[in-house]
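One-based numbering, in listed order, for ligands and for the atoms of each. Every heavy atom of this structure was used, including side-chain atoms; hydrogens, water molecules and symmetry mates were not. Counting from 1, the numbers follow the sequence of the chain as shown.
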Amino acid sequence: MNEQESGPFRSNPKEINSRQGHLFIISAPSGGGKTTLSKVVLNRFNNILYSVSYTTRSPRNGEQDGVDYYFIQKKDFEKRIETGHWAEWAEVHGNYYGTSAEFLDKGLASGRDMLLDIDVQGTIQILGNYPDSVTIFIMPPSLETLRKRLEMRGTESRTTIKRRLLTAEKEMAQKGLYRHVIVNDQLSVSIEKLISIIEKYHYKEKMIS
Ligand code: ADP
Ligand code: 5GP
């Protein structure tokens, strides 16, 4: 496993403190479209830094360690809870997921905007420490559409899809916690809306308080 701590920051130490980075958080129920939309954002704004999460779930076909997630063992994850490694962590659909505190802090201190793709529980924890995070919730047009998209994606079993749909209802009920909500019906329209939200903050200096 090639961990991300310090990697992206080593090449440009002079950047430190000249600008405070914005923290963007994207959440959606599983199948809602956050991976698709996050990739568009990262391609469009190539200086936004993506926080690769850690998880104890198994990789899906095509997922790469260190790119999509850091895939680690449950024991390792729990040890890192004790050592304060996580900026936030949560159990989602029976697996652990977490964000490295060091990676997040270094990224923001170096002036880079950062993008987190995390669930509602994680968002609440991050807002505790970074209350001015720009939170964006991606809503599916309906639960039925969500089910179809999960089936079409073909990465989960029927049982897993059922479980994810149950969690989806609870997550969607909490969309009011987010500053922006995008209903992901037509993909091109969602992309346009998301880019215009990101642009609004990305090109604006953030004052260091
Ligand atoms: P998440 O990361 O939130 O679990 P994904 O980005 O993997 O969701 O999207 C789930 C599936 O739905 C993928 O197969 C993706 O291509 C598809 N999808 C995403 N947004 C749309 C959309 N607006 N219209 C149709 N299909 C979509
Ligand atoms: P998936 O297994 O489909 O990739 O992700 C399942 C859920 O876990 C999604 O809601 C996703 O946003 C969330 N998730 C991914 N990474 C993290 C993380 O680091 N922290 C938290 N709290 N949730 C995460």
Side-chain angles (χ1 to χ4, degrees), residues 3-4 23-43 50-72 77 80-81 85-104 107 114-130 133 135-157 160-161 163-172 174-175 177-178 182-194:
E3 295 206 26
Q4 58 191 356
L23 181 50
F24 296 102
I25 303 180
I26 296 191
S27 301
S30 184
K34 62 195 169 299
T35 307
T36 309
L37 288 164
S38 296
K39 282 186 179 157
V40 172
V41 168
L42 295 171
N43 282 332
Y50 180 66
S51 165
V52 178
S53 293
Y54 291 65
T55 184
T56 59
R57 85 150 160 73
S58 311
R60 292 180 186 133
N61 257 347
E63 280 185 333
Q64 283 179 270
D65 188 37
V67 176
D68 300 286
Y69 282 105
Y70 290 105
F71 296 98
I72 64 172
F77 196 102
R80 290 171 191 241
I81 295 174
H85 179 89
W86 307 121
E88 63 73 34
W89 66 273
E91 200 178 335
V92 192
H93 316 124
N95 292 299
Y96 287 131
Y97 294 81
T99 302
S100 159
E102 190 184 350
F103 185 75
L104 190 60
M114 298 194 68
L115 177 66
L116 266 56
D117 159 355
I118 61 174
D119 83 329
V120 179
Q121 305 172 72
T123 302
I124 293 168
Q125 293 172 52
I126 294 286
L127 282 173
N129 285 325
Y130 305 92
S133 301
T135 52
I136 304 158
F137 193 87
I138 311 294
M139 277 284 284
S142 67
L143 272 176
E144 186 49 24
T145 308
L146 186 64
R147 187 181 61 74
K148 281 189 187 144
R149 284 183 189 166
L150 279 170
E151 284 174 359
M152 287 282 287
R153 191 171 70 184
T155 51
E156 263 82 27
S157 67
T160 308
I161 289 180
R163 183 172 191 173
R164 286 178 178 239
L165 287 172
L166 282 176
T167 310
E169 282 194 83
K170 292 182 201 144
E171 289 173 327
M172 284 154 66
Q174 290 177 282
K175 68 176 193 302
L177 291 171
Y178 288 73
I182 295 174
V183 179
N184 182 20
D185 192 351
Q186 211 185 315
L187 188 58
S188 57
V189 177
S190 305
I191 289 172
E192 230 173 82
K193 285 184 181 163
L194 183 57

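- Look at L37 and you'll find every heavy atom at least 4.0 Å from all atoms of ligand 1.
- Not a single heavy atom of S38 sits less than 4.0 Å from an atom of ligand 1.
- Counting all heavy atoms, side chain and backbone alike, V67 lies closest to V52 at O-CG2, 3.6 Å.
- Contacts between D185 and ligand 1, counted as non-hydrogen atom pairs separated by less than 4.0 Å, involve the backbone only.
- Neither the backbone nor the side chain of E91 has a heavy atom within less than 4.0 Å of ligand 2.
- Residue contact check: A90 has heavy atoms under 4.0 Å from atoms 22 (N) of ligand 2.
- At least one heavy atom of G32 sits less than 4.0 Å from an atom of ligand 1.
- The part of P29 lying near ligand 1 is the backbone, judged by heavy-atom distances below 4.0 Å.
- Atoms of ligand 1 lying under 4.0 Å from at least one heavy atom of L187, given by number and element, are 20 (N), 22 (C), 23 (N).
- K148 has no carboxylate O lying under 4.0 Å from a charged side-chain N of E151, or vice versa, which leaves the two without a salt bridge.
- Heavy-atom proximity to atom 9 (O) of ligand 1, evaluated over P140, A28, G33, is greatest for G33.
- For atom 13 (C) of ligand 2, the closest heavy atom belonging to the protein is D119 N, 3.8 Å.
- Ranking the protein heavy atoms by distance from atom 6 (C) of ligand 2 puts Y97 OH, 3.6 Å first.
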